[in-house]
Amino acid sequence: MTIDYAPTQKATDRAAAIDRLIEAEQARFASRHPKSAAAWARGREHYLYGGPSHWMRRWAGGFPIYAEAASGAHIQDIDGHDYVDFCLGDTGGMCGHAPEPVTRAALHQLQRGTTMMLPTLDSLWVGEELTRRFGLPYWTLTTSATDANRGAIRIARMITGRDKVLVFSGCYHGGVEEAHVEIRNGKIGMRNMIHPNAVDHAAVSRVVEFNDVAALEQALKAGDVACVLTEPLMTNFGMIPVEPGFHDALRRLTRETGTLLVIDETHTISCGPGGYTALNGLEPDMLVAGKAIAGGIPAGIFGLSQAVAERMWQIVPHANPKQRQSAHLGIGGTLAGNALTVATMKAVLEEVLTEANYARMIALATRLADEARALISRSRRPWHVTQIGARAEIMFTPKVPRSGADVIATRQGDLETLLHAFYMNEGILVTPFHTMFLMCPASTEEDVARHTEVFARFIELLEREGIAG
Ligand SMILES: Cc1ncc(COP(=O)(O)O)c(C=O)c1O
């Protein structure tokens, strides 16, 4: 099918017009947020990059709003504005803000002690439930998904004796050094403007394009890769869906070469209670998740297959009762698996991320995606929308990318910045790094309708200003 897109315009005129609009939206943002602007100015006096975490400076308005309170799918800022929150803490808030079961469990546990270096009985239920959902028999709790990925990588290296980690170009797995790489101009380079740090990534990382079976085969055939670390489909460079047959090839090639397969479900847990893995019957050697898993209390998890666990026990046996100092695994986290985290994780798994709530969330994401697609096609724009469970993504690229290379070649970063600044001025939050919409159990039809109305006005703005494409 050929699509009759609106005519293109001269690239420089277009870029200048978008820049002007970004400036206008940022000026509108500054005038609407005097208290946040003042707080940001103060924050810069004592935080390295203005806020408690450096990425807080990346909101498209020019500075972040300061949150006053958040409840369900809404956030109120200190300037008195209310936002429909589709960012949801870039998935950390996927249970909604202050979900009642999590708040109740947290308050209960806060009064009984949070971190005691001891397991609680809740942990037994949580371990059983993780196995029921994700299929893997043995679990470890961490304080973040980053930590869970680091733990999985360390174990993969321990049991294979290999040092290399293979990732797909365009990936993000948290602060995992081996994954800060991508392919640019045919060479391995730092991902998406991550600054180099003198680590020789070429020595410990291997990177290939997603969905490229031949490149994967080539990269694994030397038998020196400890593990492939991948999301089941890519969510962090916009969304890059997986092509039919890719997972079968990935599993076959990793098995043939003795490479472990680590599936990172931190974002794709939006697919359903057991993530993409359970929905599609994947068979990872290890599975990682985090963010939403304890309802916003810092937590990560990683699970091991029976075979991987047995290999670990050969290297590091269960503690010998006569020898009280058991070997340290080199996987950290004094606060990992603490009583508070475990209590909130139980609340999430039992009462929040339930089948029924997923069904509602997925229906809302479907509506948002359908309505955005209708607006895009009516305005004959070369954009598209991808949806995976409760998560949808608008991408300013003419076709669905099949790899990071496609995103690099076609992404329109300036248009994304403009849209995000416009959204913030119109009371909508999306993740600042790309245009991702996530639903939580408290999201409503009105929230979705609000997005459709704002997105329609954004397209009208572009039309009024003569910006095509
Ligand atoms: C797929 C994936 N894995 C891991 C992480 C790291 O999560 P955290 O920053 O909570 O450690 C992220 C963060 O965005 C992610 O998207």
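Along the sequence shown, the residues carry numbers beginning at 1.
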request  = Please check if the side chain of R391 supplies one atom and the backbone of M239 the other of a donor-acceptor pair under 3.5 Å.
outcome  = no

- Query: Less than 4.0 Å between a side-chain N and a carboxylate O, is that true for R132 and E129?
  - Reply: yes

* Asked: Hey, is the main chain of C87 close enough, under 3.5 Å, to the side chain of D85 for a donor-acceptor pair?
  -> yes

Practice problem: Would you check if S270 and L438 make a side-chain contact, meaning some heavy-atom pair closer than 4.5 Å? | Solution: yes

Does either side chain, that of Q412 or that of R14, offer a donor lying less than 3.5 Å from an acceptor on the other one? yes

Rounded to the nearest 0.5 Å, the OG1 atom of T91 sits from the CD1 atom of I269 at a distance of 9.5 Å

Is the NZ or CZ atom of R191 positioned over F237's six-membered ring, under 6.0 angstrom from the centre and within 45° of the axis? yes

For this session: Show your reasoning for whether side-chain contact (heavy atoms from CB on, under 4.5 Å) applies to I408 and E182.
Result: CA-CA 10 Å; I408 289 171; E182 68 181 11; 4.2 Å; yes

| Hey, mind stepping through L353 and M94 against side-chain contact (heavy atoms from CB on, under 4.5 Å) and telling me if it holds? | CA-CA 9 Å; L353 293 184; M94 194 175 92; 3.9 Å; yes

Students often mix this up, so state it plainly: with edges at 30° and 60°, are the rings of F455 and F458 parallel, tilted or perpendicular?
parallel

Distance col, row L340:CG vs I297:CD1, nearest 0.5 angstrom, shows 4.5 Å

Review point. Salt bridge or not for R20 and E23, using N-O below 4.0 Å?
Key: no

*Check ion pair E426-R28 (N to O, under 4.0 angstrom)*: yes

(message) I'd like to know if R373 pairs up with D370 as an ion pair, taking the criterion as any Lys NZ or Arg NE/NH1/NH2 lying under 4.0 Å from an Asp or Glu carboxylate oxygen.
(response) yes

- Task: Tell me yes or no: between the side chains of D447 and S443, is some donor less than 3.5 Å from an acceptor?
- Result: no

How about Y423 and H451: does a side-chain donor come under 3.5 Å of a side-chain acceptor? yes

In plain terms, say whether K221 and E217 are close enough for a salt bridge, that is, a side-chain N and a carboxylate O under 4.0 Å apart.
-> no

Taking NZ, NE, NH1 and NH2 as the nitrogens, is one of them in E351 or R104 under 4.0 Å from a carboxylate oxygen of the other? yes

Review point. So does D90 pair up with K291, basic N to acidic O under 4.0 Å?
Key: yes

Discussion item. Any donor-acceptor pair under 3.5 Å linking the side-chain atoms of R251 with those of T254?
Written reply: yes

* Is the Y276 to H247 ring centre distance short of 6.0 Å? -> yes

Separation between OG1 (T230) and CD1 (I263), nearest 0.5 Å, reads 6.0 Å

*Determine, stepwise, if the pair S379 / E463 fulfils side-chain hydrogen bond (donor to acceptor under 3.5 Å, both in side chains).*
CA-CA 9 Å; S379 66; E463 273 159 14; 4.5 Å; no

*asked:* I'd like to know whether T268 forms a side-chain hydrogen bond (donor to acceptor under 3.5 Å, both in side chains) with E265, so could you lay out the CA-CA distance, the side-chain angles of the two residues, the decisive distance to 0.1 Å, and finally the verdict.
replied: CA-CA 5 Å; T268 43; E265 290 273 7; 2.6 Å; yes

The complete set of ring-ring contact (aromatic ring centres under 6.0 Å, His included) pairs with one or both residues in residues 342-371, sequence neighbours excluded, reads none

Quick note, side-chain hydrogen bond (donor to acceptor under 3.5 Å, both in side chains) partners involving residues 42-53, not counting sequence neighbours, are S53-W55

